[in-house]
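Here is how names work: the chains are called A, B, and so on, in the same order as the sequence lines, proteins then strands, and each is numbered from 1.
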Amino acid sequence: MSSSTYYVPEQSRWPILASTALFLLAYGAGTLLNALNADRGGGLGLVLLLAGALMMGLILVGWFSNVIHESRGGLYSEQMDRSFRWGMSWFIFSEVMFFAAFFGALFYVRVLAVPWLGGEGDKGVSQMLWPDFTAQWPLFNPPDAERFPGPEAVISPWHIPLLNTCLLVTSSFTLTLAHKALLKDERMQVRRWMFLTIVLGMVFLGFQAYEYVEAYHELGLTLHAGIYGATFFILTGFHGLHVTLGTLMLMIILGRIVVGHFDSRQHFGFEAVAWYWHFVDVVWIGLFLFVYVL
Amino acid sequence: MSTLDTTLHAAEHEHHGPAKGVGRWLFTTNHKDIGSLYLWFSLLMFFIGGCMALMIRAELFQPGLQLVDPGFFNQMTTMHGLIMVFGAVMPAFVGLANWMVPMMIGAPDMALPRMNNWSFWILPFAFAMLVSTLFMDGGAPNFGWTFYAPLSTTYAPPSVTYFIFAVHMMGISSIMGAINIIATILNLRAPGMTMMKLPLFCWTWLITAFLLIAVMPVLAGVVTMMLMDIHFGTSFFNAAGGGDPVLFQHVFWFFGHPEVYIMILPAFGIVSQIIPTFARKRLFGYASMVYATASIAILSFLVWAHHMFTVGIPLAGELFFMFATMLIAVPTGVKVFNWVATMFRGSMTFETPMLFALAFVVLFTIGGFSGLMLAIAPVDFQYHDTYFVVAHFHYVLVPGAVFAIMAGAYYWLPKWTGHMLDERMGKLHFWLSFIGVNITFFPMHFIGLAGMPRRIPDYALQFADFNMVASIGAFIFGLSQLIFLWNVIACVRGGQKAEARAWEGAEGLEWEVPSPAPYHTFVEPPKLPESLR
Amino acid sequence: EWTVNLTPGVTDVSRSVFDLHMTIFWICVAIALVVFGVMFWSIFHHRKSRGAQAHNFHENTLVEVIWTIIPLLILVGMAVPATATLVKMYDPSEAELDVQITGYQWKWRYDYLDHDLNFFSNLSTPREQISNEAEKQEHYLLEVDRHLVLPVGTKIRFLLTSNDVIHSWWVPALAVKKDAIPGFINEAWTIIDEPGIYRGQCAELCGKDHGFMPVVIEAVSQDDFKQWLVDAQAEKQSQAAAAERTWTLDELMQQGEQVYLRACAACHLPTGEGVPGAFPALKGSPVATGDVAGHIDIVLNGKSGTAMQAFRDQLSATELAAVITYERNAWGNSLGEAVSPAQIMRLLEPSTGEAEQ
Ligand code: HEA
Ligand code: HEA
Ligand code: CUA
Ligand SMILES: [Cu+2]
């Protein structure tokens, strides 16, 4: 290891403020949800939640501008850069595991639980409790269809989802092209490819939103449509949230490129967001296969 | 980056002591300050969780309902488990890592110091939220620390929503803490400190951090599904919609089993530092220790359903999880044998840290044996959800994890404070704890085998005698922890000056710097001492 | 009493389990003796105060391989009998008697599937013993109002499920512990060798009164079992007859109080005050003082998504009428109105035997 000094930042107010914001967010969300559940208005909860969200937003801006400032001030050694890289990679790994939990749930219900309820397999006796139930996937008729009315139809993979797959895969390519351009310091090209990537992400989100509206209003595919709806929305929902976040981050990076940040040697901020974007893309491929196609 | 710039910065650091006032603790980016925060926080949680345990033991002193009603009893059990696991043991290990990892590897600080501060400061908020549920309508979470659906969804008190968000916050904190430790160990080692020279405490923590990053998100996932079931009408854990309550258990234990190793691997690390010091002999089988730790971690992902043997798993599954679980005894055995071999033909002395470490080896192994008995699926049908399980996990957690933490604290206190501790009081603490812990938890094996289920506030008459013994033991053990508090405070405030190498046989970078360790230890990467070259 | 070990039990399976338990226990003891033996030997002989000098060996591949292989072999030795016992437990052969067991918060319901017979089994230890106002009797907390009567020497299959949360049905003497999971059915079986009373408990945390839902099995000879079935059918008839006659308000109140304390007081409390945030009060509540039809409906059919169960199958028509009458007239809810068993009978008729939510 070459570098001999390592930048240790001075005291910082951001973390404790961020903890406070997180607390407000969580406490507010809890209060709001409980109020809604008890059919009370969400007054205080909503206020806390919004205050927390606003505060968190401001803190993130402040904290990151601090980091960016230090980075541009040349305080970070190569070793520091490696720390950030390790940090980002392991963060993405944690996200992988987060999605793994939901994929695991999907596989479990499809392979084990639903067939058992329908009388197949080792715990097939369970069907005694649901004599009218037949196992199928997608699950149109949950065991208790009164409480959980199943969807009338599910989304065909070959329309919007296929299109969305193409969009996201393309966006991964355009982002890579942007990176290539950055490595050659062709800043105009970088901007162009970045812009395209963001547009692709936004179109993806638009389609996804459209699909949700359709699911709710035309297909009866809702959160309470039994386990199909539950797994469908938790997987596509969290993925959508990640795309949203990714798009926002890409916008920030584009902004930074426009004001002249990054060069062919130093652009970890760019790379981190790119990794994230590729990860989101890979998750989508998994979704496309296991949620829509199979 | 210009060289001038960096030297300036280095110079600036050297003159920097800690800031004044509370600001020092709120805004700090210093790994030692953050380590202290973690350790104090964990001690506070240990006492709160311990008081809850004492309430449980007081109610169980005699059959009949005396002190609390059953609903509140369940809240105590739940909060005790949660607070001890997430509030006491895990933060204590992170605190020790914060203090020691940078010193052991010759790093100036943790890799991401501001995030380090954030990881800590989330915790007090998360636990404030968790504890506040005790005062809410409907009471605190009452569904056990394992919060099985649908007791924790459809049938839960409203406070479950706050519980879920508190768990999310703890998860964020742990993941960031773990990322920091990994980045530090992988990236900030002093020149020459190769991976196979890393002190074992760092190795075990590296692997623990990997486990944390792998499973805390899964825990977040499962509480998120709960949240959806409770508030958004989904049916993950409800057969009426095609879900399955058992799905909850699979996801929970996929987190939960690695979690128990998260609570023991760093303890292995601590013990592996202490035994060589007081045996004045190098650790036996360093390499196999590393491989054993890694094997335990890998196996820990394949055994989760041993907590669910009675839930109705097909035969093949039952067999797979039984065999996989039994296998863990092999690498764990390797560790135990290595510790014994380290003592063999050493030159041993028995200062307080060593006493705790020795008690750890014996009592943890006893806990491991009962674990192995639990792993035998057909017999687990008899043991499951009885006090035999409670005895098992308290043996691995209290004289296991907690003793290791105390051993570590006694071992490193001289380095932290610059003072040797009062050996007499240390030994008193040890012996009272050792006796108390066994009086408390050993009889639980018997009541469990005799058939007493766990999580009950009242019991049949044939369990009465041993329960009384256990309760008396719990008060002995609990109250003797006040001596620990006294010892720590006394050691912070004064005592015989500690040398750089506070213990005669201690080896490693942390013992090369003065005691107390300077606020910024290694501004320049250090040269490795002879023993590590 | 200082019971220290597992019961060998009264079935073939339970005895294999016990043997397995002892075998593994002694293996662990033996290993412990060796490991701790070496350790204490070192502690005594290789201490500095006795002038011990530290040697400096610190690895030895051969030893390390040996102490990896030997434990592995020991484990294989344990796995063989364990697997055999487990396979025995999963024996799929046909059973002669099917009993469906349903967990409720906090009682068990037993359905003899081939005999059109079912009943609930509640804890019967008096409240005063639990609250230390009366002396505790021998089977404190392990006694119920109706035993699960089973024949010996018969292969019995248990079909376990639950009406609300997860429970776990456990009888140590049979070495049967199986979770009762709402919406699913788990199977277990047993062949009891000796007549006798065998006691167990719910083993999975299922809420407030998890500690108060015991299992009591009365194993009887096959002839006695046949006779018992006949008697049980007769009793069912006479209960139905009781509902036909007219009941006075006082009679209903009296019986109602008993039923209330047994079936409702666990949540709504003996005083009818409930637990804020968890279980609603009945004292002065809109349900218990309002329209009687609504009150009857919620008692009969429960309220989905809450802990309020459907009591239509749990209580007889008379008991239902009595308890509703009681709730409308106790604790100052003085409506002076009696609900007659006959009235409830009529409501119960159209749908029967539908236990599931
Ligand atoms: C620090 C925490 C910790 C540790 C290290 C362990 C270690 C082990 N645990 Fe434990 N366990 C818990 C914490 C822990 N456990 C908790 C908290 C629960 C309950 C959760 C709840 O329900 O609330 C639990 C429950 C639990 C169960 C479920 C019981 C039930 O609910 O029915 C099982 C079953 O297999 C089990 C097994 C094991 C095994 C096989 C090990 C092994 O790792 C032990 C290995 C060690 C040894 C075996 C000793 C040393 C070895 C030798 C000297 C070598 C030679 C030995 C032989 C060849 C035999 N544990
Ligand atoms: C690391 C984890 C850990 C630790 C350290 C402990 C420590 C203790 N535990 Fe616990 N325990 C669990 C983890 C832990 N436990 C878990 C996971 C469960 C399962 C929960 C569930 O079922 O869901 C459990 C459950 C559990 C039960 C079973 C409850 C039930 O099934 O109903 C019991 C019963 O005896 C018990 C007892 C104890 C006791 C006596 C201690 C003692 O060691 C505690 C000693 C400490 C003290 C007593 C504090 C001392 C301080 C003072 C006395 C000073 C007071 C001063 C001030 C306030 C300033 N624990
Ligand atoms: Cu039913 Cu515990
Ligand atoms: Cu486990």
Taking the side chain as every heavy atom from C-beta outward, state whether C:Thr3 and B:Met452 have any atom pair closer than 4.5 Å.
-> no
Starting at CZ of C:Phe44, measure out to CE of B:Met348 and round the result to the nearest 0.5 Å.
-> 10.0 Å
Region of B:Val469 that comes under 4.5 Å of a non-hydrogen atom in chain C | side chain
If you tally heavy-atom pairs under 4.5 Å against chain B, which of C:Thr125, C:Ile24, C:Ile130 wins?
-> C:Ile130
To the nearest 0.5 Å, tell me how far C:Ile27 CD1 sits from B:Phe369 CZ.
-> 10.5 Å
Can you tell which part of C:Leu142 gets under 4.5 Å to a heavy atom of chain B, answering side chain, backbone, both or neither?
-> side chain
Which atoms of C:Tyr140 approach chain B - backbone, side chain, both or neither, heavy atom under 4.5 Å = both
Heavy-atom neighbours of C:Glu138 CD exceed 12 at 6.0 Å | no
Determine whether the aromatic ring centres of C:Trp106 and B:Tyr155 lie less than 6.0 Å apart.
-> no
Any side-chain heavy-atom pair from C:Val4 and B:Leu449 closer than 4.5 angstrom?
-> no
Heavy-atom distances under 4.5 Å only: say whether C:Asp209 touches chain B with side chain, backbone, both or neither.
-> side chain
When C:Cys202, C:Ser49, C:Pro172, C:Ser14 are compared by non-hydrogen pairs under 4.5 Å with chain B, the top option | C:Pro172
Ranked by heavy-atom pairs below 4.5 Å to chain C, first place among B:Leu151, B:Asn142, B:Leu327, B:Asp137 goes to B:Leu151
Proximity breakdown for C:Leu72 and chain B, heavy-atom pairs closer than 4.5 Å | both
Residue among B:Val336, B:Asp380, B:Asn338, B:Thr77 with most heavy-atom pairs under 4.5 Å to chain C = B:Asn338
Heavy-atom pair with the smallest gap, counting every atom of C:Trp170 and B:Thr386 = CH2-CG2, 3.4 Å
Could you look at C:Glu187 and say if it's the side chain, the backbone, both or neither that has a heavy atom under 4.5 Å from chain B?
-> neither
Interchain contact, C:Gln201 with chain B, by part (heavy-atom threshold 4.5 Å) | side chain
With respect to chain C, which residue among B:Val362, B:Val330, B:Thr349 yields the maximal number of heavy-atom pairs within a distance under 4.5 Å?
-> B:Val362
Tell me, for C:Phe279 versus chain B, whether the close heavy atoms (under 4.5 Å) come from the side chain, the backbone, both or neither.
-> neither
Measure distances from B:Met322 to the heavy atoms of chain C and classify the residue's part below 4.5 Å as side chain, backbone, both or neither.
-> side chain
Is the distance between the ring centroids of B:Phe344 and C:His46 under 6.0 Å?
-> yes
Top contributor to chain C contacts, counting heavy-atom pairs under 4.5 Å, from B:Pro245, B:Ser370, B:Pro314 = B:Pro245
Electrostatic pair B:Arg282:C:Glu59 at N-O distance under 4.0 angstrom = no
Between the CZ atom in B:Phe237 and the CD1 atom in C:Ile166, the distance rounded to the nearest 0.5 Å is 10.5 Å
Pick whichever of C:Ala188, C:Ala54, C:Gly211 has the most heavy-atom pairs under 4.5 Å with chain B.
-> C:Ala54
Main-chain N/O of C:Ala52 paired to B:Ser347 side chain as donor or acceptor, under 3.5 Å = yes
Which bit of C:Met89 comes within less than 4.5 Å of chain B, counting heavy atoms only: side chain, backbone, both or neither?
-> side chain
C:Asn186 (side chain) donor-acceptor with B:Val311 (main chain) under 3.5 angstrom = yes
Taking everything shown except C:Asp91 itself, do over 12 heavy atoms lie less than 6.0 Å from its CG?
-> yes
What is the distance from atom CG of B:Asp385 to atom CD of C:Glu204, rounded to the nearest 0.5 Å?
-> 4.5 Å
With a 4.5 angstrom heavy-atom cut-off, could you sort out which part of B:Leu358 is near chain C: side chain, backbone, both or neither?
-> both
Non-hydrogen atoms of chain B under 4.5 Å away: do they reach the side chain of C:Ile43, the backbone, both or neither?
-> both
On a heavy-atom basis, the closest approach of B:Ala329 and C:Leu75 is CB-CD1, 4.2 Å
Judged by atom type as modelled, is there a donor-acceptor pair below 3.5 Å linking the side chain of C:Lys136 to the main-chain atoms of B:Leu461?
-> no
Kindly check if the number of other-residue, nucleotide or ligand heavy atoms within 6.0 Å of CD (B:Gln66) is above 12?
-> yes
Sidechain-backbone polar pair: B:Gln382 side chain, C:Leu6 backbone, donor-acceptor under 3.5 Å | no
Any side-chain heavy atom of B:Phe350 within less than 4.5 Å of one from C:Arg47?
-> yes
Which distance, rounded to the nearest 0.5 Å, do you find between the OG1 of B:Thr78 and the CG of C:Leu205?
-> 6.5 Å
Full working for ring pair (Phe, Tyr, Trp, His ring centres under 6.0 Å) between B:Phe381 and C:Trp169 = CA-CA 11 Å; B:Phe381 292 159; C:Trp169 193 81; over 10 Å; no
Options B:Asp458, B:Asn74, B:Thr153, ranked by heavy-atom pairs under 4.5 Å with chain C, top entry | B:Asp458
Non-hydrogen side-chain atoms of C:Phe212 and B:Pro457 separated by less than 4.5 Å = yes
Gap separating the CE atom of B:Met373 from the CE atom of C:Met22, nearest 0.5 angstrom | 8.0 Å
Which atoms of B:Ala149 approach chain C - backbone, side chain, both or neither, heavy atom under 4.5 Å | backbone
Best-contacting candidate, B:Ile456, B:Thr310, B:Asp69, against chain C by heavy atom pairs under 4.5 angstrom = B:Thr310
Is there side-chain contact between B:Gln62 and C:Asn132, with at least one heavy-atom pair below 4.5 Å?
-> no
Looking at C:Ile74, C:Asp179, C:Val63, which has the largest count of heavy-atom pairs under 4.5 Å with chain B?
-> C:Asp179
Is B:Lys281 close enough and on-axis enough to C:Phe57, meaning under 6.0 Å and within 45°, for cation-pi?
-> yes
In terms of heavy-atom proximity below 4.5 Å to chain C, should B:Ala341 be classed as side chain, backbone, both, or neither?
-> both
Geometric class of the C:His21/B:Tyr383 ring pair [parallel <30°, tilted 30-60°, perpendicular >60°] | perpendicular
Atom group of B:Leu65 that falls short of 4.5 Å from chain C, counting heavy atoms | both
